[in-house]
Amino acid sequence: MGSNKERLWHAQSQEEIIEKLQTSKEGLSESEANKRLVEYGKNELRQIKAKSIWAMLVEQLTDPMILILLAACILSFVMHEIVEGSVIIFIVILNAVISIVQEKKAQGSLEALRKMNSPTARVKREGKEELVPASMLVPGDIVLLDDGAMVPADLRLIQTSNLKIQEASLTGESVPVEKDAGEVCLEDCPLGDRINMAYSSSIVSYGRSVGVVVETGMNTEVGNIANLLKSQDEFDTPLKRKLAAVGKTLSIVGILLCVIIFVIGLFYGKPILPLFMTAISLAVAVIPEGLPATATIVMALGVQRMAKRNALIRKLPAVETLGSASVICSDKTGTLTLNKMNVTQLAVAEDFEKGQACSVAVAEAKKYKDIIYGGALCNDASLNPENPDTVIGDPTEGAFIYLADYFGENQTVLKAKYPRLFEQPFDSVRKMMTTVHDIDGEVIAYVKGAVDEVLPLCTSIATAEGERPITENDIIRIKNIFHEMSEQALRVLGFAKRSLPKVPDGDVENELTFIGVVGMIDPPRKEVIEAIRTCKTAGIRTVMITGDHRLTALAIASELGIFEEGNIVVSGDELNKMSDGELDKIVAKATVFARVSPNDKLRIIASLKRNGEVAAMTGDGVNDSPALKAADIGVAMGITGTDVAKDASDMILLDDNFTTIVAAVKEGRRIYRNIQKVIQFLLSGNLAELLTIMIATVLNWDSPFLAIHILWINLVTDTLPALALGIDPPGRNIMKHQPVQSGTLFEKGLVYRVIVHGMFITVATVLAYRIGYSSVNHAAGQTMAFSVLALSQILHAFNQRSNTDSIFAKGNGQNMYLYGATLITAALLFVILFIPVLREIFQFAVLSETQWLWVIALSLLPIAGVEICKLLKING
């Protein structure tokens, strides 16, 4: 079953396939079926083995930053610094627990795909019909399908009767596909055009058929998608990649500095034990211990805010990624459109003479009464009584129910009032259907179908005055309107009628009176237009990737503003002929990809990422799930989305509204910027600690800090202000900036500010230490240095709210949490400075009033320095 030729089932005749599979139209014998079941296995999708909690824990504990923390912890315990070691262990455990809890919610895409398979199937074995579990189907089985059935395996159709199959979840095409068992397709025929095939997980929306099973389990098209999902490894988001890089960098810096400290200390002849203590202090100073936990909590709070806006985040580290997205790849059906066919244009004799169709929005019911009645009565669909927004049956026929309702006519009432007396059902050969009704005592036949099929059967045309013979000019005008509608990507149907003397018992599709034509489309969501416009302002490009036809996709994309002059449209056929290099060259200009396969979507996402884009992908179908997983962030629809799409996604739109993405982008940018503020705040303080210790070491001073001092500042003094910065309100121009490119979290300006701000705090801290040491003793110097470092850090948080605006400027919103965090942190600081028992644990001295005045003045120094930098516009 594995060769390429064997996979081309659509390009072979029924006879060839039946012979190749060594079966017959009477089906396999039970013994042969059992033999093949052993050979090919069950018709099921393989399940992915869930990652164990132990594996998750190992993954967490091997993170570079965590390894450094654990090393510092071990050193602390070796040196009998129990407090420092215990606090570090607590932070490591907290971070691991939060991460594991989130990962336990990881996607079960293969499991969801497996559940989509039909539980039972009607098969013919040895000439007898029987019901068997779908998992027991084997290649060569003869399967019978009827209206509403889910296709249980990939079938080559060998008999069809008015068959239409809904393949939207597999191909992305919203309209059911008419199937014809007699066709033999070309080898390179796209999946959506293989009209002689029925694929696993698709649903029969109309008619009946018989097919032979050609592929089962993981060899089906759905199985192929499952393999694509399986091949997509769990990926790191841009933020995780950047923080990991920082961890590695800090690890190297920490090791080098420890070596330098030892060399300098040995040069000065210092004893080994104090040298180890200084090394511990330095290791703790190098690493922002609170950063992993703080970043996690900031993102968790962002998740809660997003949920209130109908955006459900499934993976915590991905919450900031949408904020840095530079391109959003969106499926068309159900995402950008309503996934509900609507009639948008009508045309009757008067319109043909004018040469222009009439919009439904301005049409008069009286003028189009025959079309309204014909559409509602010559119709086998109905509205779902439990949900009137959904159609039971063909979506195309559903459009005529909504059309009648728009003009105040209820289909159920019309059918009761004008009962069906006779019908000629739709079939793919005639491409039309006819129903006969009693209309106020008159027998009337309504015909609807393809314009090219209906028009030749008409001998007259309906006018406002009655009927008249149809002329050649009439036919030309009708075809002109028909072609204009088609060029607008509308699905066009023609209507005709015939008065009959009695209820017929044979063919009535002749000598018809042409009524008119209608054009319908799955319309775009109106609110999406503004959402896409906002995305453009924010520097985010929207790309439509759909399984629908090129013309339809282009029309929708143009209406939404996705496709503009200078953009290009790429079809699946064109994409298949391109190398990855050629695709990389055109992907920046391509805004519409039509008639694409799941694998094509993966190639597009991969190409965008190679071009340095942070790619988001939206979708709702099974066909979207591999691309959802491969994208930097996958966004699934919560209402219309399949379980597979949801489980493969990072974010779910609970209201299926594309505009929710805009709110999520804004929130994502807020989180991204706030994490930058937190990093800037923490690293500038840690740099000050590092520089202070280095200066003291080089100058052969006693250490300005104990390890417990550094740990208190990093885990207590820094934590609450950092969290408060993490929920800072968004700046007023946040959606007017270009997206930050992947890999630029530590952009040049941020690095500059960390260094400059860190130097301000260093100067203040070193001066405090020397003043206290010179005027009293080493303990006083340590106490003053610690107090200045802690207070200046607390106040420095206000500097981080804006890199350009003064802390006294208005317009960026109030952050009451920052005021609260400042008061609580300051209170905790004064508790350990003034309560004797705690003061002794930390080995602090009692400061005089003069020393406190110095502490306050020096703590304000960094605020003044940063304010001057902002005023002179040299703040990076």
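Every heavy atom of this structure was used, including side-chain atoms; hydrogens, water molecules and symmetry mates were not.
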Is it true that [X] and [Y] make a salt bridge, defined as a side-chain N closer than 4.0 Å to a carboxylate O?
{"X": "Lys354", "Y": "Asp351", "result": "no"}
{"X": "Glu167", "Y": "Arg194", "result": "no"}
{"X": "Arg533", "Y": "Glu530", "result": "yes"}
{"X": "Arg595", "Y": "Asp548", "result": "no"}
{"X": "Lys536", "Y": "Glu564", "result": "yes"}
{"X": "Arg670", "Y": "Glu667", "result": "yes"}

Look at the side chain of [X] and the backbone N and O of [Y], then say whether any donor-acceptor pair between them is shorter than 3.5 Å.
{"X": "Arg491", "Y": "Ile521", "value": "no"}
{"X": "Thr337", "Y": "Asp522", "value": "no"}
{"X": "Asn567", "Y": "Thr591", "value": "no"}
{"X": "Glu453", "Y": "Ala450", "value": "no"}
{"X": "Ser649", "Y": "Ile652", "value": "no"}
{"X": "Glu397", "Y": "Asp380", "value": "yes"}

At their closest point, which heavy atom of [X] faces which heavy atom of [Y], and how far apart are they?
{"X": "Ile481", "Y": "Ala357", "answer": "CD1-N, 3.7 Å"}
{"X": "Ala615", "Y": "Ile605", "answer": "CB-CD1, 4.3 Å"}
{"X": "Lys164", "Y": "Pro176", "answer": "CB-CB, 4.1 Å"}
{"X": "Leu145", "Y": "Leu155", "answer": "CD1-CD1, 3.7 Å"}
{"X": "Met544", "Y": "Ala557", "answer": "CE-N, 3.7 Å"}
{"X": "Ser486", "Y": "Leu551", "answer": "O-CD2, 3.0 Å"}

#### Entry: Derivation and outcome, side chain to side chain contact (heavy atoms under 4.5 Å, CB included), residues Val543 and Ile328
CA-CA 6 Å; Val543 176; Ile328 299 175; over 6 Å; no

### Task
Determine, step by step, whether Thr659 and Glu527 satisfy the side chain to side chain donor-acceptor pair (under 3.5 Å) criterion, reporting the C-alpha distance in whole Å, the side-chain angles of both residues, the deciding distance to 0.1 Å, and the verdict.
CA-CA 7 Å; Thr659 58; Glu527 68 273 16; 5.4 Å; no

Please report the interatomic distance [atom1]([X]) to [atom2]([Y]), rounded to the nearest 0.5 Å.
{"X": "Cys358", "Y": "Tyr368", "atom1": "SG", "atom2": "OH", "result": "3.5 Å"}
{"X": "Met520", "Y": "Leu493", "atom1": "CE", "atom2": "CG", "result": "4.5 Å"}
{"X": "Gln345", "Y": "Ser359", "atom1": "CD", "atom2": "OG", "result": "7.0 Å"}
{"X": "Met341", "Y": "Phe400", "atom1": "CE", "atom2": "CZ", "result": "9.0 Å"}
{"X": "Ile401", "Y": "Asn379", "atom1": "CD1", "atom2": "CG", "result": "4.5 Å"}
{"X": "Met578", "Y": "Asp600", "atom1": "CE", "atom2": "CG", "result": "10.5 Å"}

Determine whether [X] and [Y] make a side-chain contact, defined as any pair of heavy atoms from C-beta on separated by less than 4.5 Å.
{"X": "Leu336", "Y": "Asp331", "result": "no"}
{"X": "His737", "Y": "Thr537", "result": "no"}
{"X": "Val204", "Y": "Met150", "result": "no"}
{"X": "Asp180", "Y": "Asn196", "result": "no"}
{"X": "Met197", "Y": "Arg156", "result": "yes"}
{"X": "Leu191", "Y": "Ser597", "result": "no"}
{"X": "Trp9", "Y": "Glu215", "result": "yes"}
{"X": "Asp452", "Y": "Phe482", "result": "yes"}

#### Entry: Sole residue of Arg603, Lys609, Lys585 in salt bridge (charged side-chain N to carboxylate O under 4.0 Å, His left out) with Asp580
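Output: one option passes, namely Arg603.
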
### Message
Evaluate Thr618 against Cys329 for side chain to side chain contact (heavy atoms under 4.5 Å, CB included), listing each step before the verdict.
### Response
CA-CA 6 Å; Thr618 74; Cys329 300; over 6 Å; no

### Message
Within a 6.0 Å radius of atom NZ on Lys340, are there more than 12 heavy atoms belonging to other residues, nucleotides or ligands?
### Response
yes

### Message
Tell me if the CZ atom of Arg309 is crowded by more than 12 foreign heavy atoms within 6.0 Å.
### Response
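No - once you tally the heavy atoms of other residues, nucleotides and ligands closer than 6.0 Å, there are 12 at most.
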
#### Entry: Charged tip of Lys448 within 45° of Phe426 ring normal and under 6.0 Å
no

### Query
What orientation do Phe514 and Phe352 show, parallel under 30°, tilted 30 to 60°, or perpendicular over 60°?
tilted

### Task
For side chain to side chain donor-acceptor pair (under 3.5 Å), just list the numbers for Ser200 and Asp154, CA-CA rounded to whole Å, side-chain angles, deciding distance to a tenth of an Å, and then say yes or no.
CA-CA 5 Å; Ser200 178; Asp154 284 1; 5.0 Å; no

### Task
For Leu653 and Met651, run side chain to side chain contact (heavy atoms under 4.5 Å, CB included): C-alpha distance rounded to whole Å, both residues' side-chain angles, the deciding distance at 0.1 Å, then the answer.
CA-CA 7 Å; Leu653 301 184; Met651 184 174 92; 3.6 Å; yes

### Query
So Glu484 and Lys479, salt bridge (charged side-chain N to carboxylate O under 4.0 Å, His left out) or not? Walk me through it.
CA-CA 8 Å; Glu484 284 180 16; Lys479 287 187 175 180; over 6 Å; no

### side chain to side chain contact (heavy atoms under 4.5 Å, CB included) evaluation trace for Arg541 with Leu608
CA-CA 11 Å; Arg541 195 160 56 96; Leu608 287 166; 3.7 Å; yes

### Task
Check the pair Asn310 / Thr660 against side chain to side chain donor-acceptor pair (under 3.5 Å), numbers first and verdict last.
CA-CA 7 Å; Asn310 292 315; Thr660 303; 5.3 Å; no

